[in-house]
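Shown next, in structure tokens, is the structure this report addresses.
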Amino acid sequence: MPTIDEIATFAKKKGFVFPSAEIYGGMAGFYDYGPLGSEMVMKIKNLWWKSIVHDRENVVGINGSIIGSEAVWNASGHVANFIDVVAFCKKCKLKIKVDKHEIGKAKCDCGALYENLGEFNPMFSTEVGVIKSEAVKAYLRPETAQTIFINFKNVLDTSRVKLPFGIAQIGKAFRNEISPRNFLFRMREFEQMELEFFTHPDKKNDCPIFEEVEKVKVNVLTAKEQAGTGKMESMTMGDLLKKKIIKTKWHAYWIGYRYNWYLDLGVNPEKLRLREHVPEELSHYSAATWDIDYEYPIGWKELEGNADRTDYDLQQHTKSSKVDLSYYDEDTKERVIPHVVSEPSAGVDRVFLTLLMDAYHEEEVKGETRIVLKLHPDVAPFKVAILPLVKKDGLSEKGKEVFNNLKQKFNSFYDESGSIGRRYRRMDEIGTPFCITVDHESLEQDDCTLRERDSMRQIRIKIKDLSDIIKKLSEGEKLETFGKFIN
Ligand code: GAP
């Protein structure tokens with residue numbers, strides 16, 4: 001696996017990600033997505049949205065504003081409790097953030113004990129209003145979740161949702177991180193994909209769809225093991241629930257569902273694990289939190305979190321706004337404040353980084369190093385590239401005809417210049433799963449070759465069958481189902 005710095009260099013070179021304002025020297029913690037990166041980001045968000053909102057009848061989406069009044073962030077507890085501690089290594093002159101419970105224990109890589117430089121709140125503040133005396137303080141949201149809670153009543157009043165139900169959102173969040181480092185891993189401006197899933201307080205176990213995830217195999221590091229030997233165990237989600245390691249069925253469902261999402265996208269199962277938060281590290285709103293971690297070159301780190309936020313946020317906003325945020329349960333004929341039994345919360349950028357790192361491979365092919373991004377076809381920037389063997393003899397026209405047809409269905413790329421070998425390599429490097437070549441035979445037979453990125457094998461197929469075959473290959477069917485290998 002490449003180091004994080006190597007992947008950052010690669011991402012820039014290929015047009016995935018650029019340091020923001022680079023021509024002015026850049027700004028730590030800010031990045032811009034280039035042509036390939038923005039395609040991939042859009043696909044990640046669309047896949048998440050489809051699986052969380054569109055594929056379900058009890059989840060709706062919102063898109064809230066980024067700047068929120070001071071009242072919101074006072075009520076949510078972020079002004080008082082969203083606190084990092086700045087630790088400083090005198091020897092390396094390095095500043096990092098540590099959790100409050102690590103004070104006095106955290107050590108720098110060089111072995112020296114960190115010095116505590118004090119606490120700070122990573123929220124970006126601003127003022128709304130141009131006339132100083134009338135301006136009011138506001139914050140850029142450090143999590144998207146709060147715009148869901150403050151719209152809870154609006155959603156209840158306007159949608160036909162009934163408990164249990166969820167409200168989802170994808171949007172930007174901002175944290176003035178002390179040491180934004182490791183490329184996209186810790187940024188100051190990033191994007192979150194969050195779902196707040198609400199249940200009746202007494203029905204956190206009434207999950208009729210747990211079966212979907214019961215057999216999902218996960219690597220688990222419990223809070224108990226972190227205090228003990230630190231051993232990771234392999235279990236099913238069913239076991240985790242049965243043994244009451246995860247306390248409620250809905251929480252277990254969403255943790256398992258999200259873990260499986262990464263497995264479905266082809267992420268190396270050995271590099272994924274679930275880690276339970278130890279009591280001292282729980283956020284101020286959480287009764288239980290589980291992270292899905294990935295093993296990066298910098299160690300096991302959080303890829304996404306999932307907290308049981310209880311009724312904390314709705315209670316806080318009810319108290320502060322004096323607006324009743326309770327829910328009338330028609331079955332029990334009572335008003336209740338619902339619980340957020342589960343909050344799957346993933347950073348778009350962190351998912352992007354993980355998929356890129358996990359997909360990056362260097363292989364020896366005929367004495368040369370081939371860089372190949374083994375990205376799942378659903379997240380690769382381009383699904384298919386159309387590469388006429390040569391420009392002349394009408395192959396260019398034939399290639400464009402194929403391109404114009406395929407681009408209606410898939411994000412397609414057309415390239416007619418340079419040697420075919422080099423064009424294949426270029427597509428491997430940016431993760432394009434399928435390459436189509438039209439040659440002189442194509443003009444007579446109306447067929448083409450289809451090359452698969454990972455195996456580099458090719459078959460010959462009719463042009464009219466292309467889109468159907470590409471769709472099936474993307475869904476996991478084998479190349480040999482559609483023709484004999486010709487290489
Ligand atoms: N609403 C819950 C919440 O915000 P979090 O664990 O602080 O929880 C959730 O953040 C996810 O957001 C993380 O798992 C990570 O993927 C992403 N994230 C958080 N801070 C980030 C940062 N500085 N840069 C990039 N992604 C970040």
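Being a predicted model, the structure only gives us computed values, none of them experimental. Residue numbers run from 1 in the order of the sequence given. Quick note: numbers below take in every heavy atom, side chains included, and nothing from hydrogens, waters or symmetry partners. Just so you know, ligand 1 is whichever comes first in the structure, and atom 1 is the first atom listed for that ligand.
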Region of F82 that comes within reach of ligand 1 [heavy atoms, distance under 4.0 Å]: neither

Residue, atom name and distance, where the atom is the protein heavy atom closest to atom 25 (C) of ligand 1: F185 O, 3.3 Å

Option set R175, M193, R141, criterion heavy-atom distance to atom 5 (P) of ligand 1, minimum: R175

Ligand-residue contact atoms, ligand 1 with E143, heavy atoms, under 4.0 Å: 1 (N), 2 (C), 3 (C), 4 (O)

Geometric cation-pi criterion, R309 with Y285: 6.0 Å, 45°: yes

Nearest neighbour in protein (non-hydrogen) for atom 11 (C) of ligand 1: S345 O, 3.6 Å

Interfacing atoms of ligand 1 (cut-off 4.0 Å, heavy-atom, E304): 14 (O)

H339 side chain to K204 side chain, donor-acceptor N/O pair below 3.5 angstrom: yes

Whether R309 lies under 4.0 Å from ligand 1, heavy atom: yes

Polar contact flag for L184 and ligand 1 (N/O pairs, less than 3.5 Å): no

Shortest protein contact, atom 14 (O) of ligand 1 (heavy atom only): E302 OE2, 2.5 Å

Numbering as shown, the atoms of ligand 1 that approach E343 to under 4.0 Å (heavy-atom distance): 1 (N), 2 (C)

Side-chain (E295) to main-chain (K271) donor-acceptor, under 3.5 angstrom: no

Chi angles and distances behind the side-chain hydrogen bond (donor to acceptor under 3.5 Å, both in side chains) call for S286, T289: CA-CA 7 Å; S286 173; T289 297; 2.6 Å; yes

Carboxylate-amine/guanidinium contact K153 D157, below 4.0 Å: yes

Ligand 1 atoms in contact with E194 (distance to a heavy atom under 4.0 Å): 1 (N), 2 (C), 3 (C), 4 (O)

Short N or O distance, F190 and ligand 1, threshold 3.5 Å exclusive: no

CA sep, side-chain torsions, deciding dist, call: E115, K90, salt bridge (charged side-chain N to carboxylate O under 4.0 Å, His left out): CA-CA 7 Å; E115 193 179 309; K90 268 189 181 162; 3.5 Å; yes

Any donor-acceptor N or O pair under 3.5 Å, side chains Y31, D349: no

Region of R188 engaging ligand 1 - heavy atom pairs below 4.0 Å: neither

R258/E304 salt bridge by N-O under 4.0 Å criterion: yes

Heavy-atom neighbours of E57 CD exceed 12 at 6.0 Å: no

Shortest protein contact, atom 24 (N) of ligand 1 (heavy atom only): M187 N, 2.9 Å

Numbering as shown, the atoms of ligand 1 that approach G305 to under 4.0 Å (heavy-atom distance): 14 (O)

Y285 touching ligand 1 at heavy-atom level, < 4.0 angstrom: yes

L303-ligand 1 polar pair, N/O distance under 3.5 Å: yes

Lys/Arg-Asp/Glu bridge criterion (N-O < 4.0 Å) met for E177, K97: yes

R273 and D291 ion-paired at < 4.0 Å: no

Atom 12 (O) of ligand 1: nearest protein contact (heavy atom, Å): Q192 NE2, 3.3 Å

For E177, atoms of ligand 1 separated by under 4.0 Å from a heavy atom: 23 (N)

NZ (K409) with more than 12 external heavy atoms under 6.0 Å: no

